[in-house]
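Below is one structure, written out as structure tokens; the observations come after it.
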Amino acid sequence: GLRPIVIDGSNVAMAHGNDVFSAKVFSAKGIKIVADYFKQNGHRTVVAFVPQFRKKSGQVVDRAVLEGLEEEGVVVFTPSREVDRERITSYDDTFVLDYAAKHGGIVVTKDNYRDLAHSRQEWMEVVKKRILMPTFVKDDLMFSDDPMGRDGPSLDQLLRF
């Protein structure tokens, strides 16, 4: 069967925003493009983790897209709150790696997770063997046919159990 897809929502949205808007903006459309790609290719589980503060006004260039992804059940918001005008946000990358480790998922991100890879053995397994880096050319999504290098599994092999 096909592996679950775990999208590093902040990372993917910022990558798409940087390419489309040539600026550091959070573009939920990037998450939607990735989620739609994998759903259309038969993946039943596609989940994106996004910090809850992104729901607030001014945090996302396409708020309606983010809300639609939440309604579809694609976006899961990680804890975030404000106390005395200070934002307290859980580290969303830990949710990404934890979910992927527990469910055998592939993580779609441009992050190398250097800060977390050595924290847990199961996370290291994900970082070493199950990271898939997207490339955006405006709204076109591309993945390498050899995401783990010439000697690694093909894209098709990587996406299957």
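The structure displayed is predicted, hence computed values, not measured ones.
The shortest distance between side-chain heavy atoms of F136 and N18 does not fall below 4.5 Å. Annotation: side chain of I131 is not in contact with side chain of D111 (no heavy-atom distance under 4.5 Å). Side-chain contact between M148 and L158 is present, with at least one heavy-atom pair separated by less than 4.5 Å. Considering only heavy atoms from C-beta on, L97 stays 4.5 Å or farther from Y99 through its side chain. V12 has its side chain within reach of V108: a pair of non-hydrogen atoms, C-beta onward, lies under 4.5 Å apart. The closest side-chain heavy-atom distance from K55 to E70 is below 4.5 Å. Taking the side chain as every heavy atom from C-beta outward, V96 and V126 never approach each other to under 4.5 Å. A 4.5 Å side-chain heavy-atom check between F26 and V50 finds at least one atom pair inside the cut-off.
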Practice item. Test H103 against R3 for side-chain contact (heavy atoms from CB on, under 4.5 Å), laying out the working first. Key: CA-CA 8 Å; H103 298 279; R3 290 183 180 272; over 6 Å; no
Check your understanding: Can you check salt bridge (charged side-chain N to carboxylate O under 4.0 Å, His left out) on E122 and K102, steps first, answer last?
Key -> CA-CA 8 Å; E122 62 268 25; K102 286 179 181 173; over 6 Å; no
Practice item. Assess whether side-chain contact (heavy atoms from CB on, under 4.5 Å) is satisfied between I7 and V46, documenting all intermediate values. Key: CA-CA 8 Å; I7 302 168; V46 178; 3.9 Å; yes
Point to revise | Intermediate values then yes/no, salt bridge (charged side-chain N to carboxylate O under 4.0 Å, His left out), R150 and D146 | key: CA-CA 6 Å; R150 289 182 183 181; D146 61 350; 5.3 Å; no
Check your understanding: Please walk me through it: do K39 and E72 pass salt bridge (charged side-chain N to carboxylate O under 4.0 Å, His left out)?
Key -> CA-CA 12 Å; K39 285 183 191 177; E72 280 180 50; 2.5 Å; yes
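Closest of all the heavy-atom pairs between N41 and Y37 is ND2-O, 2.7 Å. The two atoms that bring S10 and P51 nearest to each other are OG-CD, 3.1 Å, heavy atoms only. The nearest pair of heavy atoms linking A35 to V74 is CB-CG1, 3.9 Å. Pairing each heavy atom of G104 with each of F161, the nearest pair is O-CE2, 3.9 Å. For the residue pair A100 and V107, the shortest heavy atom distance occurs at CB-CG2, 3.5 Å. A28 and A13 make their closest contact through N-CB, 4.4 Å (heavy atoms, listed as atom of the first residue, atom of the second, distance).
For E67, the side chain to side chain contact (heavy atoms under 4.5 Å, CB included) partners at least two apart in sequence or on another chain are R63. Remark: F38 engages H43, F143 in a ring-ring contact (aromatic ring centres under 6.0 Å, His included) (not counting sequence neighbours).
Judged purely by atom type and a 3.5 angstrom limit, Q157 uses its side chain to pair as donor or acceptor with the backbone of S154. Not one N or O on the side chain of R87 forms a donor-acceptor pair closer than 3.5 Å with the backbone of E82. Put simply, the side chain of D19 gets close to the backbone of K138: a donor and an acceptor are under 3.5 Å apart.
R54 CZ to T89 OG1: the interatomic distance, rounded to the nearest 0.5 Å, is 9.5 Å. Remark: D93 CG to T109 OG1 distance equals 6.5 Å, nearest 0.5 Å. For the atom pair OG1 of T78 and CZ of F53, the computed distance is 8.5 Å after rounding to the nearest 0.5 Å. Annotation: the span from L2 atom CG to T45 atom OG1 amounts to 10.0 Å, rounded to 0.5 Å. Between the CG atom in D92 and the OG atom in S80 there is a gap of 9.5 Å [rounded to 0.5 Å]. The distance from the OG1 atom of T135 to the CG atom of D140 is 11.5 Å, given to the nearest 0.5 Å.
Side-chain heavy atoms closer than 4.5 Å link hydrophobic residues (I, L, V, M, F, W, Y) into clusters, and following such links, even through other members, never connects V47 to V75. In this structure, L141 is not a member of the same hydrophobic cluster as V6, with clusters built from ILVMFWY side-chain heavy atoms closer than 4.5 Å. The same ILVMFWY cluster, assembled from side-chain heavy atoms under 4.5 Å apart, contains both M14 and F77.
Ionic pairing of R120 and D98 is present here: one or more N-O contacts between side-chain nitrogen and carboxylate oxygen are shorter than 4.0 angstrom.
Summarising the local packing, NZ of K56 is surrounded by 12 or fewer heavy atoms from other residues, nucleotides or ligands at distances under 6.0 Å.
Here the options are V61, D139, V25, N11, the test is side chain to side chain contact (heavy atoms under 4.5 Å, CB included), and the partner is H16; only D139 passes.
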Please tabulate, one pair per line, all N/O donor-acceptor pairs under 3.5 Å involving side-chain atoms of residues 112-119, not counting sequence neighbours.
unit_1: Y113; atom_1: OH; unit_2: D8; atom_2: OD2; d: 2.8
unit_1: D115; atom_1: OD2; unit_2: Y91; atom_2: OH; d: 2.3
unit_1: S119; atom_1: OG; unit_2: L116; atom_2: O; d: 3.2

